[in-house]
Amino acid sequence: MYRQSEIVNDPSKTSLLGDEGTDMIINVGPQHPSTHGVLHLVITLNGEAVKKVEPHLGYIHRSIEKMCESLTFRQFIYVTSKMDYLSSHMNNHCCAMCVEKGLQIEIPPRAQVIRVLMDELTRLASHQLWWGALAMDVGALTPFFLAFREREMINDIMEETCGTRLTMNYMVPGGVMADLHPNFQKRVHAFIDHFKRKIDEYDELVTDNIIFQNRTKGIGYISKEDAISYGMSGPAARGSGVQCDIRKLYPYEVYDKVQFEEVIETAGDCFARYLVRMKEMKQSISIVEQLIDNIPEGDFQAKTKAVLKLPKGEYYSRVETARGEFGVYIVSEGGTTPYRIKFRSPGFSNLSALDHMTRGQKIGDMVAIMGTLDLVIPDIDR
Amino acid sequence: MWSLQNIADSVQHWLYATFNPTIAMLIEFAIIGVLAIGLFSMLGLVLIYMERKVSAWMQLRLGPNRVGPKGVFQTMADTLKLIVKEGMTPNGADKLLFNLAPFIVMISAMVILAPLTFAKGFQIWDINIGVFFIAAISSLSVIGILMAGWASNNKYSLLGAMRSGAQIVSYELSAGLSILAIVVLSGSLKITDIIASQENGWWIFKGHVPVWIAFVIFIIAVTAETNRAPFDLAEAESELTAGFHTEYSGMKFALFFLAEYVNIFVVCALGAILFLGGWMPLHFGTGTKFNEVMDYIPSSVWFFGKTFFLIFVIMWFRWTFPRLRIDQLLNLEWKYLLPISMINLLLVTLIAILNWHF
Amino acid sequence: MSFIKNYIGDVWGAVKSLAAGMKLTGHYALHHKKEKITQQYPDNKDTLNLPERFRGEVVLIHDENNEHACTGCTACELACPNGTIKIITKFDLTPEGKKKKALDTFVYHLDLCTMCNLCIEACPTSAIKMDQTFEHSVTDRSELIKTLNKPGSKIREGVE
Amino acid sequence: MTRDELKIKITELLPLAIFEEGGEWLNVMIEPAEWLPFAQQLHDLTDLKFDYMFCLTCVDWKTHLSMLYHLTSTTFRHTIVVKSKLDRNQPEIETVSHIWRTAEFHEREVYEMFGVKFLHHPDLRLLILPEGWEGKNPMRKDFEDPVNMIKL
């Protein structure tokens, strides 16, 4: 059942580990407080040190790719918000963009701005949840509630405009489903004011905390080369110094018109990944601030046919979700349903690096590493 | 005046006047047993309610508010639920040790109540090695925890128990050294003597900086010794689900839970006795009006007030800090707390010899 | 000497960072009445205000004459990704004696619905909408299969 | 490198490569046997440096399977799509998990979903599907699951 030969063979790490006879194999998950869902890890331990982590997936596999083969190009988008439920807007966005690419629809400027606004608010909400959950993983329980105080405001904004709080299905091919709610701008301003005041508390409570720094600094190191080789993306890779922000590299919608920085840290440890996300929140705030008062007037949706038929061909589009690069690969045979869909989910690639990162670390470190990878299990299983 | 001392004395007089001494002593034993168990369960209920309220306030929540006014009966309802729950013993477990472990933990927590002075002259047993007795008995609970972890036949439990063993054994050193600091200053191990030595001022006020350092180290060490966050590695719910009591349910789990809170009470009471003067009221100077007002407050209120303040501090730690990792935990003890408290003990001895304290 | 200086500096920095966190939680503990963020759910039911776009469940809009706007065109049924909606049609006789397709039963499986709003978007006559109810728990699964058109209701005049 | 430059470079490496027109990126069709040395070259050559594999998947065309590798270079930012036709009854291709480590998980996923056998893969086991599933490949077009699949 266990791996025959090993790809990763770092002598500096294996020297810490004892011989086979003293190993303990322990199942973390599928029901475990720190796996954030139904991830099942089989861990080989030598005392407290982790020798090997082996993910077993599939507990929440719904075969969304197969499911999408029987849904039309309008219908399949809603399923994708159930993959990475914390960045559902971005997933929907990517699918809508891919369909638009195939149909060559130009979406109105208002819809573009709305989409970017929604993406950034979702990113903020997702990072807030991540922050609370990471703090909980390393043992501090209070930050979770502070994070939810802010996240709840974003959820309320979403609820008012999109109708739901988590799985929105707001982006449709050609634009967005409904126009912004009249209260939207007012509430986003209120949120920004509130969040700017409160973000210092995040630093006070967690970032500057000596225990937290000790728990994350130098833990779960992954080099730039390894991060690239493991196909990591998003904040997890940017913590190792990989330039991989799709918003900068392949700008979509209005990302080339707004000012923001791609946050890159080079330390490659848990604390670097933590800092990337913390700084990314500030960048997201600045993007929202730039756009919120400059939403162009006009249609929120381009005219599309009632039945969408993608021309024969292959289409790939990608966006930057809160977790990294999310890609949709559609093979169309010219019908109303996709012939084959592949979702390139960021979590799946990031998870594959977990084994490499945890070798020789302690169990407590493994929990912190999983926290900074920000795994969302439905995103990995699809 | 009605005080706990007077009540205890008159009960004793009445008993010895009515029965022959053997029977009177036996009745006293029974009364003390009932009182100790009553205090034990009361503390459990009160402290759990307090913990839930304190955590709720820090986390912008309301806390329990449904059962009874402001939810005061919530813990009662929870206890009732735990009593009627089935106490399961896993198939692969070592049945005897598994069922014995919670009682060992609980009994060791209860025995430490004996030398504590709850009010002026109100004490179960004024043993002449009181502080030493507490330090000795409180290290027994680790046996119960190791027993529970081993007997559960669960890897999480075993890891938790082993962590807890390493932790308690090492933190006892610095806890003991900081207790010694006060013993050196007061010149006695007897709890009544230690309290009496603080009549003209608590040790925290008259002992200069070394006593403050000893106090801080004491608080840190006892937090670790009672397995409380940020040192709750034995439980570490995000790593080991629930650590050593993963397999426990029903009343056996409740006993662990109760023992944890009673242990907190005991160590905080010890902290109050050693550093904050036990039941001694707060005095400034001699013979001032302020001191007279302070004297009107009953000694039991002083004692419980100080203890609960320290308990609040320990809860405050729990709901603020992340958890340490096991090697960092041991580093903290062996590289920081132990050297500091050893040097500190030297300083305290110097102060005591040269009579520099007030 | 620098070792001792660093050592003391470490300890001081650590204590300071811990004190900052404790100050924050201490502040919240003292100001808990003002800062609390939770809601007392069943108690605040009367004042609970859900936004009008909230997607609770699909309802067929009936006016005061028990008339709706559904023509039975099955656009919603086709738009639904999960097969939540089943439209059973019948043929009515118009006054001119022509046969006309009309709605017989609008079956809605709430247990399959994911509130994606696609049926509402697809409806050409705006006959259906999302309602703001959200307490859908029932004791039997069959109660989730609903007939949306009220008994005796008919299509509003002039809706094609 | 631009698309045309890439085309010239790859023709140098693989004279028999077929380029598929259309699509966002350059599509190269290769034979499965050529894949491993070609992949090594794509990864190692200093002017190509395709070091980032962002997508690995398979498409079931009913007559054959086709493996797809989306590669990009983090230094030059050029992208290439490598496609390889596999026999549907006995799909086999060399693994590239030692070149791009992310391929290890992606190949395991393709292995269980499409039944493609990756030769010399270090750990070709089921990743997502439960144990004892071998032989049936859910993502193939002819897969039927009478219990769980609901045809609308």
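Both backbone and side-chain heavy atoms feed into the values below; hydrogens, waters and symmetry mates do not. A note on names: the letters A, B, ... follow the listed sequences, proteins ahead of strands, and every chain is numbered from 1.
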Between C:Asp10 and B:Lys335, is the closest basic N to carboxylate O distance under 4.0 Å?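 No, no charged N to carboxylate O under 4.0 Å.
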For the atom pair CE (C:Met22) and OG1 (B:Thr320), what is the distance rounded to the nearest 0.5 Å?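 OG1 of B:Thr320 is found 6.0 Å from CE of C:Met22.
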When you look at C:Lys36 and B:Gln59, which way does the side chain to side chain contact (heavy atoms under 4.5 Å, CB included) test go after all the steps? CA-CA 8 Å; C:Lys36 81 169 176 64; B:Gln59 297 175 343; over 6 Å; no
Heavy-atom contact with chain C under 4.5 Å, split by part of B:Pro230: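 Neither part.
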Identify which part of B:Phe321 has an atom lying under 4.5 Å from any heavy atom of chain C, answering side chain, backbone, both or neither. side chain
For C:Thr25, run the side-chain contact (heavy atoms from CB on, under 4.5 Å) check against B:Trp316, B:Trp319, B:Phe317 and tell me which one passes.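 Option passing the side-chain contact (heavy atoms from CB on, under 4.5 Å) with C:Thr25: B:Trp316.
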Is the shortest side-chain heavy-atom distance between B:Arg61 and C:Ile37 below 4.5 Å? no
Please tell me if the side chains of C:Leu24 and B:Met58 come closer than 4.5 Å, counting only heavy atoms from C-beta onward.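 SC-SC contact between C:Leu24 and B:Met58 ruled out.
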Using heavy-atom distances under 4.5 Å, tell me whether C:Leu18 contacts chain B through its side chain, its backbone, both, or neither. both
What part of C:Val11 gets within 4.5 angstrom of chain B, counting heavy atoms only: side chain, backbone, both, or neither?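 The side chain, not the backbone.
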Greater than 12 external heavy atoms within 6.0 Å of C:Phe3's CZ: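 Atom CZ in C:Phe3 is not crowded, with 12 or fewer foreign heavy atoms closer than 6.0 Å.
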Counting only heavy atoms not in C:Gln39, do more than 12 sit closer than 6.0 Å to its CD atom?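 Result for CD/C:Gln39: open.
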Note: C:Tyr7 and B:Tyr336 closest approach over all heavy atoms is OH-CA, 3.3 Å
